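The structure under discussion appears below in the form of C-alpha coordinates.
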Amino acid sequence: MRIDVVTIFPGYLAPLREALLGRAIEAGLVELGVHDLRDWTHDVHQAVDDSPYGGGPGMVMRPQVWGEALDAVLGDAPARLVVPTPAGRPFTQATAQAWAGEERLVFACGRYEGIDQRVVDAYAQRMPVDEVSIGDYVLVGGEVAVLVMVEAVVRLLPGVLGNPVSAQEDSFSDGLLEGPAYTRPVSWRGLDVPDVLRSGNHAAIARWRRDRALERTAARRPDLLDALPDHALDRTDRAF
Ligand SMILES: N#Cc1c(-c2ccc3ccn(Cc4ccncc4)c3c2)n[nH]c1N
(Lines give C-alpha, C1' and ligand atoms only; values in the text may rest on other atoms or scores of the structure.)
Protein backbone atom coordinates (compact mmCIF):
# COMPACT_ATOMS: atom_id res chain seq x y z
CA MET A 1 0.00 0.00 0.00
CA ARG A 2 1.10 3.53 -0.76
CA ILE A 3 -0.01 6.34 1.54
CA ASP A 4 0.39 10.04 0.79
CA VAL A 5 -0.45 12.85 3.19
CA VAL A 6 -0.77 16.51 2.23
CA THR A 7 -0.54 18.98 5.14
CA ILE A 8 0.80 22.40 6.15
CA PHE A 9 2.42 20.72 9.15
CA PRO A 10 4.53 17.81 7.77
CA GLY A 11 6.30 17.43 11.12
CA TYR A 12 2.97 16.38 12.70
CA LEU A 13 3.19 13.15 10.69
CA ALA A 14 6.68 12.20 11.92
CA PRO A 15 5.25 9.55 14.32
CA LEU A 16 4.21 7.53 11.26
CA ARG A 17 7.86 6.64 10.79
CA GLU A 18 8.26 5.33 14.36
CA ALA A 19 7.77 1.83 15.89
CA LEU A 20 5.39 -0.61 14.18
CA LEU A 21 4.53 1.69 11.29
CA GLY A 22 8.17 2.63 10.80
CA ARG A 23 9.10 -1.04 10.62
CA ALA A 24 6.32 -1.67 8.09
CA ILE A 25 7.77 1.10 5.91
CA GLU A 26 11.31 -0.27 6.27
CA ALA A 27 10.02 -3.75 5.38
CA GLY A 28 8.45 -2.35 2.21
CA LEU A 29 4.91 -3.24 3.32
CA VAL A 30 3.94 0.43 3.14
CA GLU A 31 5.26 3.39 1.16
CA LEU A 32 4.70 6.77 2.82
CA GLY A 33 4.91 10.23 1.27
CA VAL A 34 4.31 13.40 3.34
CA HIS A 35 3.92 16.61 1.36
CA ASP A 36 3.89 20.26 2.45
CA LEU A 37 0.86 21.99 0.93
CA ARG A 38 2.76 25.26 0.89
CA ASP A 39 5.09 23.82 -1.79
CA TRP A 40 2.21 24.55 -4.20
CA THR A 41 1.76 28.19 -3.28
CA HIS A 42 3.16 30.93 -5.52
CA ASP A 43 3.00 34.03 -3.36
CA VAL A 44 5.59 35.36 -0.98
CA HIS A 45 3.31 34.71 1.98
CA GLN A 46 2.58 31.13 0.85
CA ALA A 47 -1.11 31.77 1.56
CA VAL A 48 -3.30 28.67 1.81
CA ASP A 49 -6.45 30.23 3.30
CA ASP A 50 -8.92 33.02 2.72
CA SER A 51 -12.08 34.51 4.26
CA PRO A 52 -15.27 32.43 3.99
CA TYR A 53 -17.96 33.46 1.47
CA GLY A 54 -21.13 34.28 3.35
CA GLY A 55 -19.12 35.54 6.33
CA GLY A 56 -18.57 33.74 9.61
CA PRO A 57 -15.62 33.07 11.89
CA GLY A 58 -12.25 31.74 10.81
CA MET A 59 -10.72 31.07 7.42
CA VAL A 60 -11.24 28.46 4.71
CA MET A 61 -8.48 26.70 2.78
CA ARG A 62 -8.24 27.84 -0.84
CA PRO A 63 -9.21 25.35 -3.59
CA GLN A 64 -6.51 26.41 -6.05
CA VAL A 65 -3.58 25.39 -3.80
CA TRP A 66 -5.24 22.10 -2.92
CA GLY A 67 -5.99 21.40 -6.57
CA GLU A 68 -2.38 21.89 -7.62
CA ALA A 69 -1.08 19.83 -4.71
CA LEU A 70 -3.49 16.91 -5.16
CA ASP A 71 -3.03 16.84 -8.94
CA ALA A 72 0.73 16.60 -8.40
CA VAL A 73 0.58 14.01 -5.60
CA LEU A 74 -2.12 11.86 -7.23
CA GLY A 75 -0.63 11.84 -10.73
CA ASP A 76 -2.43 9.22 -12.86
CA ALA A 77 -2.39 6.40 -10.30
CA PRO A 78 -5.81 5.38 -8.93
CA ALA A 79 -6.32 6.16 -5.25
CA ARG A 80 -8.91 6.78 -2.57
CA LEU A 81 -8.89 10.37 -1.31
CA VAL A 82 -9.61 10.73 2.40
CA VAL A 83 -10.54 14.09 3.88
CA PRO A 84 -10.79 14.17 7.69
CA THR A 85 -13.49 16.56 8.92
CA PRO A 86 -15.66 16.87 12.05
CA ALA A 87 -18.62 16.72 9.65
CA GLY A 88 -17.52 13.36 8.20
CA ARG A 89 -18.99 9.87 8.34
CA PRO A 90 -17.68 7.93 11.37
CA PHE A 91 -14.32 6.22 10.84
CA THR A 92 -14.74 2.73 12.32
CA GLN A 93 -12.93 -0.61 12.37
CA ALA A 94 -15.04 -1.56 9.37
CA THR A 95 -13.67 1.49 7.54
CA ALA A 96 -10.13 0.47 8.44
CA GLN A 97 -10.79 -3.07 7.21
CA ALA A 98 -12.18 -1.77 3.91
CA TRP A 99 -9.31 0.67 3.33
CA ALA A 100 -6.72 -2.02 4.15
CA GLY A 101 -7.64 -3.52 0.78
CA GLU A 102 -6.81 -0.35 -1.13
CA GLU A 103 -3.68 0.01 -3.25
CA ARG A 104 -3.34 3.69 -2.42
CA LEU A 105 -4.71 6.20 0.09
CA VAL A 106 -4.19 9.96 -0.16
CA PHE A 107 -5.05 12.02 2.92
CA ALA A 108 -5.83 15.76 2.67
CA CYS A 109 -5.24 17.38 6.07
CA GLY A 110 -7.21 20.57 6.47
CA ARG A 111 -6.71 23.31 9.01
CA TYR A 112 -8.60 26.55 9.88
CA GLU A 113 -12.35 25.92 9.32
CA GLY A 114 -11.64 23.27 6.69
CA ILE A 115 -11.06 22.97 2.95
CA ASP A 116 -13.23 24.64 0.26
CA GLN A 117 -15.95 22.07 -0.51
CA ARG A 118 -15.23 22.23 -4.23
CA VAL A 119 -12.00 20.30 -3.65
CA VAL A 120 -13.97 17.27 -2.44
CA ASP A 121 -16.61 17.78 -5.14
CA ALA A 122 -14.05 18.07 -7.95
CA TYR A 123 -12.09 14.95 -7.03
CA ALA A 124 -15.25 12.96 -6.30
CA GLN A 125 -15.98 13.29 -10.04
CA ARG A 126 -13.02 11.04 -10.83
CA MET A 127 -12.18 8.93 -7.76
CA PRO A 128 -13.57 7.64 -4.44
CA VAL A 129 -13.52 10.43 -1.86
CA ASP A 130 -14.37 9.84 1.83
CA GLU A 131 -15.06 12.68 4.24
CA VAL A 132 -14.59 10.97 7.62
CA SER A 133 -14.49 11.83 11.31
CA ILE A 134 -12.63 9.95 14.04
CA GLY A 135 -15.03 11.01 16.77
CA ASP A 136 -17.61 13.42 18.14
CA TYR A 137 -15.23 16.13 19.32
CA VAL A 138 -13.52 18.99 17.50
CA LEU A 139 -9.80 19.03 16.69
CA VAL A 140 -7.75 21.90 15.26
CA GLY A 141 -6.82 20.09 12.04
CA GLY A 142 -6.78 16.79 10.23
CA GLU A 143 -3.25 15.60 11.08
CA VAL A 144 -4.08 13.83 14.36
CA ALA A 145 -7.00 12.10 12.62
CA VAL A 146 -4.65 10.88 9.89
CA LEU A 147 -2.26 9.44 12.49
CA VAL A 148 -5.20 7.52 13.98
CA MET A 149 -6.56 6.28 10.68
CA VAL A 150 -3.21 5.30 9.18
CA GLU A 151 -2.32 3.28 12.28
CA ALA A 152 -5.72 1.55 12.30
CA VAL A 153 -5.35 0.63 8.62
CA VAL A 154 -1.66 -0.30 8.42
CA ARG A 155 -1.83 -2.67 11.43
CA LEU A 156 -4.31 -4.75 9.39
CA LEU A 157 -1.96 -5.23 6.44
CA PRO A 158 -0.49 -8.73 6.07
CA GLY A 159 2.93 -9.00 7.69
CA VAL A 160 2.65 -5.87 9.84
CA LEU A 161 1.49 -7.40 13.11
CA GLY A 162 3.71 -10.14 14.55
CA ASN A 163 0.66 -12.28 15.24
CA PRO A 164 -2.13 -11.75 12.66
CA VAL A 165 -4.57 -13.55 14.95
CA SER A 166 -4.55 -10.58 17.31
CA ALA A 167 -6.13 -8.36 14.65
CA GLN A 168 -8.87 -10.97 14.27
CA GLU A 169 -9.56 -10.80 18.01
CA ASP A 170 -9.58 -7.01 18.25
CA SER A 171 -12.31 -5.08 19.87
CA PHE A 172 -14.99 -4.52 17.24
CA SER A 173 -13.71 -7.31 14.96
CA ASP A 174 -16.66 -9.48 16.06
CA GLY A 175 -18.85 -6.49 16.87
CA LEU A 176 -18.04 -6.61 20.58
CA LEU A 177 -15.55 -4.90 22.87
CA GLU A 178 -12.64 -7.01 24.02
CA GLY A 179 -12.88 -8.43 27.53
CA PRO A 180 -10.22 -8.01 30.26
CA ALA A 181 -6.68 -9.37 29.80
CA TYR A 182 -4.28 -10.71 32.46
CA THR A 183 -0.65 -11.80 32.72
CA ARG A 184 1.78 -12.79 35.48
CA PRO A 185 1.87 -12.59 38.48
CA VAL A 186 -1.20 -14.68 39.37
CA SER A 187 -1.80 -12.39 42.41
CA TRP A 188 -1.02 -8.66 42.46
CA ARG A 189 -1.96 -6.22 45.25
CA GLY A 190 -4.51 -8.71 46.53
CA LEU A 191 -6.11 -9.11 43.09
CA ASP A 192 -6.04 -12.56 41.49
CA VAL A 193 -6.22 -13.77 37.90
CA PRO A 194 -9.61 -15.48 37.32
CA ASP A 195 -9.15 -19.22 37.94
CA VAL A 196 -10.74 -20.22 34.64
CA LEU A 197 -7.86 -18.59 32.71
CA ARG A 198 -5.41 -20.91 34.47
CA SER A 199 -7.62 -24.03 34.13
CA GLY A 200 -6.39 -25.22 30.75
CA ASN A 201 -10.05 -25.80 29.83
CA HIS A 202 -10.09 -24.01 26.46
CA ALA A 203 -13.84 -24.29 25.97
CA ALA A 204 -14.48 -22.80 29.42
CA ILE A 205 -11.90 -20.07 28.73
CA ALA A 206 -13.52 -19.18 25.41
CA ARG A 207 -16.98 -19.05 27.06
CA TRP A 208 -15.67 -16.90 29.92
CA ARG A 209 -13.98 -14.48 27.50
CA ARG A 210 -17.15 -14.22 25.39
CA ASP A 211 -19.23 -13.56 28.49
CA ARG A 212 -16.85 -10.80 29.67
CA ALA A 213 -16.89 -9.25 26.19
CA LEU A 214 -20.71 -9.28 26.11
CA GLU A 215 -20.90 -7.93 29.67
CA ARG A 216 -18.47 -5.09 28.87
CA THR A 217 -20.19 -4.27 25.59
CA ALA A 218 -23.63 -4.20 27.24
CA ALA A 219 -22.30 -1.88 29.95
CA ARG A 220 -20.17 0.47 27.83
CA ARG A 221 -21.46 0.27 24.25
CA PRO A 222 -25.06 -1.06 24.17
CA ASP A 223 -25.30 0.47 20.70
CA LEU A 224 -22.87 -2.18 19.42
CA LEU A 225 -25.07 -4.95 20.84
CA ASP A 226 -28.14 -3.45 19.20
CA ALA A 227 -26.27 -3.36 15.86
CA LEU A 228 -25.31 -7.05 15.96
CA PRO A 229 -27.13 -9.27 13.44
CA ASP A 230 -29.39 -11.91 15.07
CA HIS A 231 -27.13 -14.80 14.02
CA ALA A 232 -24.19 -13.23 15.84
CA LEU A 233 -25.60 -14.10 19.27
CA ASP A 234 -26.33 -17.63 20.44
CA ARG A 235 -28.81 -18.57 23.21
CA THR A 236 -26.14 -18.33 25.90
CA ASP A 237 -25.13 -14.87 24.63
CA ARG A 238 -28.67 -13.59 24.93
CA ALA A 239 -28.48 -13.64 28.71
CA PHE A 240 -26.75 -10.22 28.47
N1 LIG B 1 -11.44 13.67 11.51
C2 LIG B 1 -11.68 14.57 12.20
C3 LIG B 1 -12.01 15.60 13.14
C4 LIG B 1 -11.72 16.97 13.17
C5 LIG B 1 -11.07 17.84 12.16
C6 LIG B 1 -10.57 17.30 10.98
C7 LIG B 1 -10.03 18.12 10.01
C8 LIG B 1 -10.00 19.51 10.22
C9 LIG B 1 -9.57 20.61 9.44
C10 LIG B 1 -9.79 21.77 10.18
N11 LIG B 1 -10.33 21.40 11.38
C12 LIG B 1 -10.74 22.35 12.41
C13 LIG B 1 -12.22 22.59 12.38
C14 LIG B 1 -12.94 22.43 11.20
C15 LIG B 1 -14.32 22.68 11.23
N16 LIG B 1 -14.94 23.06 12.36
C17 LIG B 1 -14.24 23.20 13.49
C18 LIG B 1 -12.86 22.96 13.53
C19 LIG B 1 -10.48 20.04 11.42
C20 LIG B 1 -11.01 19.22 12.40
N21 LIG B 1 -12.24 17.47 14.31
N22 LIG B 1 -12.82 16.47 15.00
C23 LIG B 1 -12.71 15.32 14.33
N24 LIG B 1 -13.20 14.10 14.73
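Just follow the structure's listing: the first ligand is 1, and inside any ligand the first atom is 1. In what follows, residues are counted from 1 in the order of the sequence shown. In this text the structure is predicted, and so the values were computed from the model without any measurement.
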Please tabulate, for the side chains in residues 6-18, all donor-acceptor contacts under 3.5 angstrom to protein atoms that are two or more places apart in sequence or on a different chain.
residue, atom, partner, partner atom, Å
Thr7, OG1, Phe9, N, 2.7
Thr7, OG1, Glu143, OE2, 2.6
Arg17, NH2, Leu32, O, 3.3

Next item on the list: Indicate yes or no: does Arg2 engage Asp4 in a salt bridge with an N to O separation below 4.0 Å.
Entry: yes
Item checked: Asp116 and Arg118 ion-paired at < 4.0 Å -> yes
Checklist line | Selection residues 49-101 - residue pairs positive for ring pair (Phe, Tyr, Trp, His ring centres under 6.0 Å), sequence neighbours left out | finding: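 Qualifying pairs: Phe91-Trp99.
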Check: Tell me, which pairs form a ring pair (Phe, Tyr, Trp, His ring centres under 6.0 Å) where one or both residues lie in residues 187-238, sequence neighbours left out?
Finding: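 Sorted result for residues 187-238: empty, none.
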Note to self: Is it true that, when you exclude Arg89 itself, more than 12 heavy atoms of the residues, nucleotides or ligands shown sit nearer than 6.0 Å to its CZ?
What the structure shows: no
Tabulation required: pairs of a nitrogen or oxygen in ligand 1 and a protein nitrogen or oxygen under 3.5 Å; columns are atom names and distance to 0.1 Å; otherwise 'none'.
residue, atom, partner, partner atom, Å
ligand 1, 1 (N), Val132, O, 3.4
ligand 1, 21 (N), Leu139, N, 2.9
ligand 1, 22 (N), Tyr137, O, 2.6
ligand 1, 22 (N), Leu139, N, 3.3
ligand 1, 24 (N), Ser133, OG, 3.0
ligand 1, 24 (N), Gly135, N, 3.4
ligand 1, 24 (N), Gly135, O, 2.9

